[in-house]
Amino acid sequence: MIRKKRVLLVFGTRPEAIKMCPLVNELKRRSDKFDTTVVVTGQHREMLDQVLRVFNVKPDYDLAIMRPGQTLFDVTSDVLLRLKAILENEKPDVVLVHGDTSTSFAAALACFYLQIPIGHVEAGLRTHDIYSPWPEEFNRQAVDIISEYYFAPTEKSKQNLIDEGKSTQKIWVTGNTGIDALRTTVCGTYSHPELDWANGSRLILITAHRRENLGEPMHRMFRAIRRVMEEHPDTKAIYPIHMNPLVRKAAHEELDGFERLHIIDPLEVLDFHNFMAASYLILTDSGGIQEEAPGLGKPVLVMRDTTERPEGIEAGTLKLVGTKEDVIYREFSRLLSDETEYATMSNASNPYGDGHASEYIANVLENR
Ligand code: UD1
Ligand code: UDP
């Protein structure tokens, strides 16, 4: 009898969960081939649990590390120390981590110390600026140094890995598993009271959370958004806000009292994708949203100085606007006023695969 492969997945934040749960479910569907174990670190709590519920994924282990105001030291050391016994007990053939969070970095480091092969889902993204985004660029580069399987979403991310000397034998271009979810969520008959409220106006969708933008950059973003919207009475904004209390404080300080902007709790992913589909444009510093928006043809002003997602820039959907108040003000105003610019940015394209990335990854693991 052929022994089943023991695959253990580790993730802990909302975006990792959104992109790993489709893979968990694909591996579980192939239960004759894989023994699948799910470890969540709980780097996020409410925002992680929301996703687990949607995808009906029940973790085998929950490290429950989240604490208010957690530092990078807290996350990294808690994951590293608490994972050791689980890995020693489970003895997986391969551990899959995702992307660039501190959960992923610490989990990969734990595997390296125990000499367990690592599969990196969403490998090869680069800005080449180690402080931007911070600490994510370091995390993803570090995971790629010690990985055995590279699941690159695009040819560009594959090339980044090759340029760093990684063996082509270990790289597979699979598309992004985030698109697997998007394929099933957006629906023409979707409705929601917040969308009813915004009906008849141009809907601006906002998110922001990057660590390097906490503090003054975030205040500048919010001030610019409010200034532009005050000049455009035909706009309404919905801002499903991250649970980070520092983000919430800045947002409430700058945006409270402005009635055409609703700050609401984080949306479930099905809702969020449908809000994206209903929006006129999106303002964000998120990574995952930069991948989802091109598929929906929604213009995105990316409030960051760098991006590891050049495919969306080339597709024309994304524009980097940094975090300076005047630049955001200028670019946001222009996109609302200039119909040609808006039309150019609204072309739908699909640089991140065909929505079957999880199957391709499972195929690779099955056949190796
Ligand atoms: C983390 C990742 C970032 C990813 C982001 C996605 C790192 C270093 N950062 O950043 O790469 O883009 O997740 O959102 O890995 N909180 C809650 N409930 C939650 C989630 C967060 O209360 O469900 C609060 C807690 O007070 C926590 C704080 O938010 O201390 C910050 O969370 P943390 O995971 O450290 O940072 P993020 O900015 O979310
Ligand atoms: N998202 C969500 N609910 C929200 C906001 C975002 O489900 O209220 C989804 C979004 O569709 C994308 C992911 O969360 O798939 C992005 O997560 P986040 O911006 O927190 O992290 P990043 O992608 O920047 O690491």
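First listed ligand is number 1; within each ligand, the first listed atom is number 1.
- For atom 39 (O) of ligand 1, the closest non-hydrogen atom on the protein side is His44 NE2, 2.6 Å.
- Nearest protein neighbour of atom 16 (C) of ligand 2, counting heavy atoms only, is Ser286 OG, 3.7 Å.
- The heavy atom nearest to atom 15 (O) of ligand 2, considering only His242, Glu292, Arg14, His273, is found in Glu292.
- In terms of N/O distances under 3.5 Å, ligand 1 is not approached by Thr13.
- For atom 22 (O) of ligand 1, the closest heavy atom belonging to the protein is Met66 CE, 3.4 Å.
- Annotation: atom 32 (O) of ligand 1 to nearest protein heavy atom, Gln70 NE2, 3.5 Å.
- In this structure, atom 11 (O) of ligand 1 lies nearest to the protein heavy atom Glu136 OE2, 2.5 Å.
- Judged purely by atom type and a 3.5 angstrom limit, Ser333 has no side-chain atom pairing as donor or acceptor with the backbone of Val228.
- Closest to atom 23 (O) of ligand 1 among all protein heavy atoms lies Met47 N, 2.9 Å.
- With hydrogens and angles disregarded, no donor-acceptor distance shorter than 3.5 Å links the side chain of Lys236 to the backbone of Arg202.
- In this structure, Gln50 does not count as a contact residue of ligand 1, since none of its heavy atoms falls inside 4.0 Å of the ligand.
- Taking the six-membered ring for Trp and the full ring otherwise, Tyr239 and His262 have centroids separated by 6.0 Å or more.
- Remark: distances from the non-hydrogen atoms of Glu16 to ligand 2 are all 4.0 Å or more.
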